[in-house]
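A quick write-up on the structure given underneath.
If you're wondering where the values come from, they're calculated on a predicted model, not measured in any experiment. Naming convention: chains lettered A, B, ... in sequence-line order (proteins, then strands); numbering from 1 in each chain.
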Amino acid sequence: MPEGHTIHAAARKHDNMLKGRVVNLSSPQGRFVEGAQKLNGRECIRVEAYGKHLVYRFVEHYYLHIHLGLFGRIKVHKRPIKDAKNSVRVRLISATHVIDISGPTICELLRAPEIEQLIDRIGPDPLREDAEPERVFHRIRNSRVPIGKLLMDQSVIAGIGNIYRTELLWRQKLHPDIRGRDLNQKQLEALWDDAALLLNIGAKKNAILTTDIAIANPSKSREKFNIFAQKACPKCRGPITKIFINGRRAFICALCQKQLPKR
DNA sequence: AAGAATGTTATGTA
DNA sequence: CTACATAACATTCT
């Protein structure tokens, strides 16, 4: 989708999607119709991301809030317009392109105050120019919660997912069980900087790339990980251990990620 | 074809 | 209050 395009949105209701506040997004027939109701004809003037939350701002202070969750996808097609798949909830249309958003866990129309609430409850996002890393450091420094949990707490730092968590901790040689308060300023800064580096590469390449090789030569690689779901550590050749943090799988190299002697 | 997966939130339990 | 576990929801792929 070229930047600066004026896009229009249409949406349809599906099961519990668009619940509560935004029910009227659906067309009367429950079918996908370009330009049905509410969002119809409103120009999208800006798209912002706050961590994993997407906010499309339309004229007259309407905001479309999208969270793709685990399964959501955004697919960009060139015109002409074709039928949307059943899973498509929102379609954004410009003069040249059609964007289908399917399977989002959040899909709602909000006004400015609700968007502000949303932003307030989300921690600093390393991808954003206006991010204040000191807020992240403060939260971590004052917490007994292990860093492996804090990293995926979106109110602490926004945007880190399950793969980036494992990969960041490995790259920084940090064991996920280290308590937040046991990290020093230098480690915190390095963690933030590396998160910003990796996320920027990911955003640019539209792929999760965390190995130095993939970063240096991302042309032919899509997803490339050091230890996530891998057998051996690329650095020490030691075995990778699978653990669970908050019910999500995580991986560690017992040799490279030493537990700190501190309690 | 059952199960797993790059996510989040609400609710239950100790 | 905390901390943890479980369920619910979304979809696609093997």
Side-chain angles (χ1 to χ4, degrees), chain A residues 11-23 25-26 32 49-55 64-75 84-91 99-108 110 114 117-123 125-127 139 142-171 176-177 179-181 194-195 198-211 214 218 221-230 240 242-251:
Chain A
R12 63 184 170 194
K13 186 184 171 188
H14 179 268
D15 300 336
N16 293 324
M17 199 51 61
L18 301 175
K19 59 191 157 199
R21 291 166 282 203
V22 206
V23 175
L25 278 172
S26 60
F32 191 95
Y50 301 90
K52 300 166 190 166
H53 297 260
L54 303 176
V55 177
L64 176 64
H65 173 211
I66 300 284
H67 193 297
L68 293 178
L70 204 49
F71 312 126
R73 292 273 130 65
I74 296 178
K75 288 194 176 135
K85 295 180 64 177
N86 280 334
S87 59
V88 172
R89 300 288 171 266
V90 176
R91 172 169 270 186
I99 302 172
D100 283 339
I101 299 174
S102 61
T105 51
I106 297 173
C107 180
E108 58 187 4
L110 300 179
E114 296 168 298
Q117 281 178 30
L118 168 73
I119 294 168
D120 281 349
R121 73 179 170 81
I122 294 174
D125 174 351
L127 280 175
R139 281 289 297 274
N142 290 297
S143 177
R144 284 159 294 189
V145 174
I147 188 63
K149 290 185 179 175
L150 291 170
L151 261 189
M152 271 190 54
D153 182 338
Q154 303 297 304
S155 73
V156 173
I157 179 171
I160 308 298
N162 200 32
I163 295 176
Y164 282 119
R165 164 171 70 183
T166 279
E167 294 289 301
L168 277 169
L169 290 171
W170 179 83
R171 285 168 61 94
D177 289 343
R179 298 181 305 182
R181 59 156 59 156
D194 206 26
L198 294 185
L199 290 176
N200 270 298
I201 289 163
K204 197 165 166 182
K205 302 293 177 190
N206 194 26
I208 303 175
L209 302 172
T210 60
T211 66
S221 52
R222 296 306 291 170
E223 291 158 359
K224 287 283 177 182
F225 319 135
N226 295 292
I227 66 165
F228 190 90
Q230 307 299 306
I240 296 304
K242 181 182 180 181
I243 61 173
F244 283 88
I245 308 174
N246 283 351
R248 309 293 305 279
R249 58 186 183 148
F251 300 86

Separation of [N] [atom2] from [X] [atom1] (nearest whole Å):
X: A:R179; N: C:dA3; atom1: CZ; atom2: P; value: 12 Å
X: A:R144; N: C:dT2; atom1: CZ; atom2: C1'; value: 10 Å
X: A:I101; N: C:dT12; atom1: CD1; atom2: P; value: 14 Å

(message) What verdict does the side-chain contact (heavy atoms from CB on, under 4.5 Å) test give for A:I147 and A:R179, after you've listed the backbone C-alpha separation in whole Å, the side-chain angles of each residue and the deciding distance to 0.1 Å?
(response) CA-CA 6 Å; A:I147 188 63; A:R179 298 181 305 182; over 6 Å; no

(message) Using a 4.0 Å heavy-atom cut-off, does A:F228 contact any base of the nucleic acid, only the sugar-phosphate backbone, or nothing at all?
(response)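 A:F228: backbone/sugar contact only, no base atoms under 4.0 Å.
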
Indicate yes or no: at least one non-hydrogen side-chain atom of [X] is less than 4.5 angstrom from one of [Y].
X: A:L68; Y: A:I101; result: yes
X: A:V145; Y: A:R181; result: no
X: A:L150; Y: A:R139; result: no
X: A:K149; Y: A:I245; result: yes
X: A:E167; Y: A:I208; result: no

(request) For the pair A:N226 (side chain) and A:T210 (backbone), establish whether a donor and an acceptor sit closer than 3.5 Å, ignoring hydrogens and angles. (result) yes

(message) Less than 4.0 angstrom between a side-chain N/O of A:R249 and OP1 or OP2 of B:dA5, yes or no?
(response)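 Answer yes for this pair, as a side-chain N or O of A:R249 is under 4.0 Å from OP1 or OP2.
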
(message) List the residues meeting ring pair (Phe, Tyr, Trp, His ring centres under 6.0 Å) with A:F225, not counting sequence neighbours, and say none if there are none.
(response) A:F228

(request) Produce a footprint string for nucleotides 7-12 of chain B: one letter per nucleotide, 5' end first; B if the base is under 4.0 Å from any protein heavy atom, S if only the sugar-phosphate is, - if neither. (result) BSS---

(request) Return the set of residues passing salt bridge (Lys or Arg N to Asp or Glu O under 4.0 Å) with A:R165 (not counting sequence neighbours), or none when no residue passes. (result) none

(request) Tell me, please, which residues at least two apart from A:K242 pass side-chain contact (heavy atoms from CB on, under 4.5 Å). (result) A:F244, A:R249, A:F251

(request) For A:S102 and A:D100, test the side chains for any donor-to-acceptor distance below 3.5 angstrom and give the result as yes or no. (result) no

Give me the distances for all protein-to-nucleotides 4-8 of chain C N/O pairs that come in under 3.5 Å?
from  : atom 1 : to     : atom 2 : distance (Å)
C:dC4 : OP2    : A:K149 : NZ     : 2.9

(message) For the P atoms, the ones on B:dA4 and on C:dA7, what distance do you get once it is rounded to whole angstrom?
(response)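 Each nucleotide's P atom is 14 Å from the other's.
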
(message) Expected output check: what is the dot-bracket annotation of DNA chain B, where ( ) and [ ] are pairs inside the strand (brackets for crossing ones), | is paired with another strand, and pairs are Watson-Crick or G-U under 3.5 Å?
(response) .||||.||||||||

